[in-house]
Number of protein chains: 2
Amino acid sequence: MRAGDRAYRTLRAEILDGSLEPGTLLQEVEQSTRLGVSRTPVREALRQLAADGLVAASGRGNVVTAVSRDDIVSLYELREALEAKAAALAAQHHDDAPFDGIRERLLDAPRLLEQGEPGLGPYFAIVDELDEAIEAAAGNPFLGAALRNVQLHSARIRRLSRHNPERLRAAAGEHLLIVEAILARDAELASHATHVHLHRSLTNALATASEAVDAATSESPADRGPKVA
Amino acid sequence: MRAGDRAYRTLRAEILDGSLEPGTLLQEVEQSTRLGVSRTPVREALRQLAADGLVAASGRGNVVTAVSRDDIVSLYELREALEAKAAALAAQHHDDAPFDGIRERLLDAPRLLEQGEPGLGPYFAIVDELDEAIEAAAGNPFLGAALRNVQLHSARIRRLSRHNPERLRAAAGEHLLIVEAILARDAELASHATHVHLHRSLTNALATASEAVDAATSESPADRGPKVA
DNA sequence: TCAGCCTTGTGTGTATACATTGAAGGTGTT
DNA sequence: AACACCTTCAATGTATACACACAAGGCTGA
């Protein structure tokens, strides 16, 4: 694989899983030595991360963007517009096969979630597969690109609700309804079920996010400036 | 300004106004000599254009992407989702001042359009200002970024309806309704009026696009491969 | 004559050297 | 003591040299 792509994927993964915290300053030379490539591919990776909105130019160098409470609300507003549309389109155009499979696996999700932490990977795999199936069924490359971008940011927020089994169980039920609406080719229901799901998700994310923000604030109240990785 | 940005803006403008036709092969060395900068900023510009979806890697070099009939439909599906949401949010959150101004100017639009070609610039300026005002009033940076991206592609399509005065007059009326819905803080009406506007726009774009595609096809039927700029 | 291989050339990928900008800190003056 | 200017340095912006990969064309052998 190209060094530029490797650098991009590595940095993106580190930002999404939180190892590179918001506010972290990413400098070209520093990252190039750390990742073992020259500045050129690192530059390329940073530009792409900037286009994704995961880093932002800040005077000197690029800093990992923060996800504020307002950002979460904004992101969910956009997700609602995009995913409701995608679900409606999927309801109109889809092939049954992939959604039948996902439906079966979602019916099994509560059992996965009883296992606690080890079941989370497989569970999120189902959700990701559903997202991909909807995107594919919608058959709209522009919508698909926009969806992938919001999912990128959603991945950063999802970590907040990882440890809320009750919410995850409810979410599985909401996903199931979306799948069944698509299978029934009921575009309006698919769209509204998506709206409901995202509304509940947002409510939960805001609740846990304020705790997380509070914790981070009390942890290092004065540390608002960029910090070096 | 940075050479990379200049290269990006130059290439983007040339793609949007059609001087770089779809299928044109953009090679780094070639463009770097043409634009008078080295390969590095050209590379940066090409990566960014690829992120925008205006060029696509194609074996050797990057080619300017084509806008197919399917693309137009897909783009309008996405626009509807985004712009309807944006109009609804704007109806809820806006300050009256900018929309009052735009409303006045839209009322004057028919007079502009009677002038033919010279009135087109001012007319499109009003439309652009409306887009910006809605984006600003929506107050959602993620939605704003997505909107700017679709507007980029829409600009390529808009050229097709430039020479249809009747359609432009109708569009001005549709825009006016959107503005008045926003001023009335009627989110649902703003959203639906946007839907109506885009539906009519799409219908017109498809009609003129098929003529344009037909013309292009009869003009150079065998010329489907990438051509050098 | 045809097929396969090799050679050559063009174009991108990466590294590095050089230019430039901008910020921070110190010093001098008011 | 405070403000402004200047110096200095570090980090980014740009250019270019080198490495590598792929494709096309020709040559050779069967």
Side-chain angles (χ1 to χ4, degrees), chain A residues 1-15 20-66 222-229, chain B residues 1-15 20-66 222-229:
Chain A
M1 186 189 284
R2 286 176 23 192
D5 287 341
R6 251 188 345 220
Y8 170 69
R9 286 164 189 264
T10 304
L11 288 171
R12 188 181 66 177
E14 289 176 343
I15 292 172
L20 288 176
E21 291 176 28
T24 305
L25 179 62
L26 300 177
Q27 299 190 133
E28 294 178 1
V29 283
E30 186 183 4
Q31 296 304 316
S32 71
T33 56
R34 186 172 76 90
L35 300 175
V37 295
S38 82
R39 275 181 58 206
T40 309
V42 169
R43 280 181 73 80
E44 184 182 318
L46 289 174
R47 305 303 277 212
Q48 198 154 349
L49 291 168
D52 291 338
L54 293 177
V55 309
S58 158
R60 213 52 152 221
N62 300 285
V63 294
V64 178
T65 54
D223 187 11
R224 303 295 293 169
K227 34 194 163 184
V228 177
Chain B
M1 186 188 285
R2 284 175 24 192
D5 287 342
R6 253 188 344 224
Y8 170 70
R9 287 163 189 265
T10 304
L11 288 171
R12 189 179 66 177
E14 289 175 344
I15 292 172
L20 288 175
E21 291 178 27
T24 305
L25 179 61
L26 300 177
Q27 298 190 135
E28 295 178 1
V29 283
E30 185 183 7
Q31 296 305 316
S32 71
T33 55
R34 187 172 73 92
L35 301 174
V37 295
S38 82
R39 276 180 57 206
T40 309
V42 170
R43 281 181 71 79
E44 184 181 319
L46 288 174
R47 305 304 278 211
Q48 198 154 350
L49 291 168
D52 291 339
L54 293 178
V55 309
S58 157
R60 215 49 152 219
N62 300 284
V63 295
V64 178
T65 54
D223 189 9
R224 302 295 293 168
K227 33 195 162 180
V228 177

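Labels below follow one simple rule: chain letters A, B, ... track the order of the sequence lines, proteins then strands, and each chain is numbered from 1. Just so we're clear, the structure is a prediction, and the values are computed from it rather than from any experiment. Computed from heavy atoms alone, side chains included, the values below leave out hydrogens, waters and symmetry copies.
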Inset, instruction - List in chain and number order the residues that pass side chain to side chain contact (heavy atoms under 4.5 Å, CB included) with A:T65, two or more places apart in sequence or in another chain; answer none if no residue qualifies. - result: A:A56, A:R156
Could you pull out all donor-acceptor pairs under 3.5 Å where a side-chain atom in residues 3-10 of chain A meets a protein atom, sequence neighbours excluded?
residue : atom : partner : partner atom : Å
A:Y8    : OH   : A:R12   : NH1          : 3.4
A:Y8    : OH   : A:D52   : OD2          : 2.4
A:T10   : OG1  : A:R6    : O            : 2.7

Inset, instruction - Taking side chain to side chain donor-acceptor pair (under 3.5 Å) as the test, write out the residues that go with B:Q48, two or more places apart. - result: none
Inset, instruction - Sequence neighbours left out, what passes side chain to side chain donor-acceptor pair (under 3.5 Å) with B:E28? Give chain and number order. - result: B:R39, B:R43
Legend entry - Set of residues satisfying side chain to side chain donor-acceptor pair (under 3.5 Å) with respect to A:S32, sequence neighbours excluded: none
Legend entry - B/S/- contact track for nucleotides 10-17 of chain C, protein heavy atom under 4.0 Å: BSBBBBBB
